[in-house]
Amino acid sequence: MSSSATNQAGPDLTRGVTLADFDGRRVLRGHVGEDAVLLTRIGDEVLATGATCTHYGGPLDEGAVEGDTVRCPWHHACFSLRTGEALAAPAFDPIACWKVEREGERYFVRERAAVTAPSAVAAPSKTPQRIVVVGGGAAGFAAAEMLRRSGWNGTLTVLSAEADAPCDRPNLSKDYLAGNAPEEWIPLRPANFYTDQRIDLRLGTTAATIDVAGRTVVTGDGARHAYDRLLLATGAEPVRLPIPGADQPHVFTLRSLADSRAIIARAAGAQSAVVLGSGFIGLEVAASLAARGLAVHVVALDAHPLERVLGAELGDFVRGLHEAHGETFHMGTSIATIGPRTVTLKDGKELAADIVVVGVGVRPRVALAQAAGLAVDRGVVVDAYLETSHPGIYAAGDIARWPGDPGGESLRVEHWVVAERQGQVAAKNMLGAAERYRDVPFFWSAHHDVTIRYVGHALTWDEIRIDGDLAAHDCTVSYRKGGRTLAVATIGRDAQALAEAQRLAHPA
């Protein structure tokens with residue numbers, strides 16, 4: 001079905017609809033010309049907005065309405081139904097708003113409403129004039145974008161060690177690596193965005209030290225960047241193992257756009273690949289290289305892929321998805337040595353390997369914070385407002401360890417959406433919003449034609465419940481401890497993933 005046909009699904013709203021057309025639902029998808037429009041009932045009101053998420057095009061009529069907001073069923077972006085603003089990542093662009101006219105019992109939509117500017121964040125007693133963000137990943141970008149969206153006009157500097165502007169990192173191991181997404185889709189914003197928004201984005205720039213007393217960040221080239229507020233969003237770096245031969249040019253880790261480009265270039269003349277690691281990155285890389293026609297072997301010490309996050313049964317199901325596409329698994333072993341065209345496993349087996357990708361996890365980059373004297377405990381310690389142990393310095397993303405439930409363990413989560421939303425909250429709080437970070441962690445992972453959506457966070461559990469049919473790709477997997485559900489993974493049940501996120505956010 002063409003996108004035009006999809007957009008024209010449902011009633012023609014220029015001809016009007018009645019409340020009966022909602023058929024008991026809160027939302028009704030229709031169209032105005034070739035534009036898909038979502039009608040939403042909120043009390044006695046009917047509001048009209050764009051019907052498609054601005055992140056990856058998810059159908060908002062299949063999402064969840066919460067108050068006067070709607071969440072996308074695919075990646076849980078949140079939009080205001082009154083202004084269209086993208087309130088929570090991973091979407092940043094607003095959805096359109098439309099005028100609703102009532103004539104008797106019929107509601108008509110004929111023209112777009114004027115764009116409403118986002119509400120400015122309440123200013124603190126002393127508004128910062130200079131903000132420095134260290135890190136050009138998810139959290140750093142989201143913070144910079146939110147600062148400008150909130151109407152703050154001070155000096156904004158983003159220091160990024162990467163060579164490329166902030167990009168859609170989850171895609172680097174998924175569609176982009178598989179060859180299904182062109183590179184122009186990957187940047188989060190075009191280059192002129194940073195110029196137009198007066199964001200001084202300094203690529204290839206490493207923050208060397210923080211002069212806490214002098215409120216200055218010193219970069220590797222000796223330049224000094226003064227700040228009134230500082231956000232540390234240094235992210236994480238891939239774990240590199242001391243394997244003989246790991247320094248050869250056909251051996252890669254995957255973290256940056258440059259890494260993904262290099263793997264793609266090498267894959268062009270390759271026939272075989274070995275991926276070390278059966279976590280999410282390792283398996284997504286394996287699927288992408290298999291999609292490019294390579295013979296792929298996955299090697300891991302674990303007994304089951306993804307066991308520590310999803311449990312053995314769901315992990316074995318994911319393994320089966322990959323094996324059905326020709327990938328071969330070698331569990332309970334690792335790589336002993338890497339040669340020019342082969343790898344030798346610790347069990348003595350030799351595998352052809354034109355490409356080797358090491359995906360055995362990441363570690364948070366906390367050295368900068370630690371050297372500055374900030375509290376560090378398996379991450380940079382922050383309070384509920386994402387402020388570190390030093391006033392005026394915030395941390396977000398993969399490095400941040402924030403308070404969990406009262407009486408519970410603190411959390412540090414390496415998820416893309418978590419990093420973006422923390423960046424947004426940190427930005428507001430640097431401007432005086434005093435907003436607690438309360439989001440329920442969420443991520444998604446694609447394995448060939450199956451996507452897993454996971455909400456919550458369960459480091460350990462004493463029970464796993466599976467409702468539905470794994471084989472039919474229709475199930476909910478609940479991770480429980482002490483009779484309480486800590487996290488839920490779903491396949492083919494996007495609406496339930498949203499409902500579980502709401503339930504976890506507002507426990508009884």
Side-chain angles (χ1 to χ4, degrees), residues 170 172-174 176-179 236-256 259-260 262-363 414 445-448 450 452:
L172 299 184
S173 59
K174 298 182 177 75
Y176 176 66
L177 184 59
E237 60 187 355
V239 172
R240 300 175 188 275
L241 301 178
I243 300 171
D247 57 348
Q248 296 178 83
H250 69 296
V251 181
F252 303 91
T253 56
L254 176 55
R255 185 69 180 175
S256 67
D259 294 336
S260 195
I263 295 171
I264 291 169
R266 190 81 183 194
Q271 294 182 333
S272 58
V274 171
V275 177
L276 180 60
S278 63
F280 290 107
I281 292 297
L283 291 182
E284 289 175 358
V285 167
S288 294
L289 293 178
R292 287 183 174 270
L294 278 69
V296 178
H297 292 257
V298 178
V299 178
L301 283 172
D302 298 325
H304 310 272
L306 301 170
E307 181 175 11
R308 283 172 285 182
V309 180
L310 300 181
E313 187 169 354
L314 186 49
D316 285 340
F317 165 77
V318 172
R319 173 178 175 169
L321 295 174
H322 287 259
E323 289 177 330
H325 286 79
E327 298 160 46
T328 304
F329 282 74
H330 307 265
M331 306 303 293
T333 187
S334 188
I335 296 177
T337 60
I338 302 173
R341 293 287 180 182
T342 62
V343 301
T344 302
L345 305 185
K346 289 191 174 180
D347 60 11
K349 187 174 297 182
E350 187 174 271
L351 305 175
D354 297 326
I355 297 176
V356 178
V357 181
V358 179
V360 293
V362 296
R363 59 170 61 94
E414 295 162 355
S445 185
H447 301 273
H448 295 285
V450 173
I452 298 171

**Student:** Say whether, by atom type as modelled, one donor and one acceptor occur between the side chain of Glu307 and the main chain of Asp302 under 3.5 angstrom.
**Tutor:**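 No.
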**Student:** Contact between Leu351 and Thr328 at the side-chain level, heavy atoms closer than 4.5 Å - yes or no?
**Tutor:**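 No - every pair of side-chain heavy atoms lies 4.5 Å or more apart.
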**Student:** So do the side chains of Thr253 and Glu237 get within less than 4.5 Å of each other, counting heavy atoms only?
**Tutor:**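 No, side chains not in contact.
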**Student:** Check salt bridge (charged side-chain N to carboxylate O under 4.0 Å, His left out) between Arg240 and all other residues, then give those that pass, not counting sequence neighbours.
**Tutor:**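 Salt bridge (charged side-chain N to carboxylate O under 4.0 Å, His left out) check on Arg240 returns nothing, list empty.
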**Student:** Over all heavy atoms of both residues, which pair between His304 and Ala312 is shortest? Give the atoms and the distance, please.
**Tutor:**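 Residues His304 and Ala312, closest heavy atoms: CD2-CB, 3.7 Å.
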**Student:** Report the residues that fulfil side-chain contact (heavy atoms from CB on, under 4.5 Å) with Ala295, sequence neighbours left out, ordered by chain and then residue number.
**Tutor:**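 Partners of Ala295 under the side-chain contact (heavy atoms from CB on, under 4.5 Å) test: none.
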**Student:** Roughly how far, to the nearest 0.5 Å, is CG of Leu276 from CG of Leu345?
**Tutor:**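 CG of Leu276 is found 9.0 Å from CG of Leu345.
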**Student:** Please name the pair of heavy atoms, one in Met331 and one in Ser278, separated by the smallest distance, quoted to 0.1 Å.
**Tutor:**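 Closest heavy-atom pair between Met331 and Ser278: CE-OG, 3.7 Å.
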**Student:** With heavy-atom distances below 4.5 Å as the criterion, would you say the side chains of Gln248 and Val356 are in contact?
**Tutor:**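 The answer is no, as the side chains (C-beta and beyond) never meet within the 4.5 Å cut-off.
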**Student:** Going by heavy atoms in the side chains, are Leu306 and Phe280 under 4.5 Å from each other?
**Tutor:**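 A side-chain contact exists here, since the closest heavy-atom pair is under 4.5 Å.
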**Student:** Would you call Val251 and Val358 a side-chain contact if the rule is heavy atoms closer than 4.5 Å?
**Tutor:**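 Yes, side chains in contact.
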**Student:** Counting N and O atoms only, with roles assigned by atom type, does the side chain of His250 sit under 3.5 Å from a partner on the main chain of Gly339, one being a donor and the other an acceptor?
**Tutor:**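 Between the backbone of Gly339 and the side chain of His250 there is a qualifying donor-acceptor contact (under 3.5 Å).
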**Student:** Ala353 and Val343: which non-hydrogen atoms are nearest, and at how many Å?
**Tutor:**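 Where Ala353 meets Val343 most closely, the heavy atoms are CB-CG1, 3.8 Å.
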**Student:** Go through the structure and list residues passing side-chain contact (heavy atoms from CB on, under 4.5 Å) with Leu301, not counting sequence neighbours.
**Tutor:**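 Leu301 satisfies side-chain contact (heavy atoms from CB on, under 4.5 Å) with Ser334 once adjacent residues are dropped.
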**Student:** So Leu254 and Ser173, do their side chains get closer than 4.5 Å, heavy atoms only?
**Tutor:**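 Side chain of Ser173 against side chain of Leu254, heavy atoms only: contact under 4.5 Å found.
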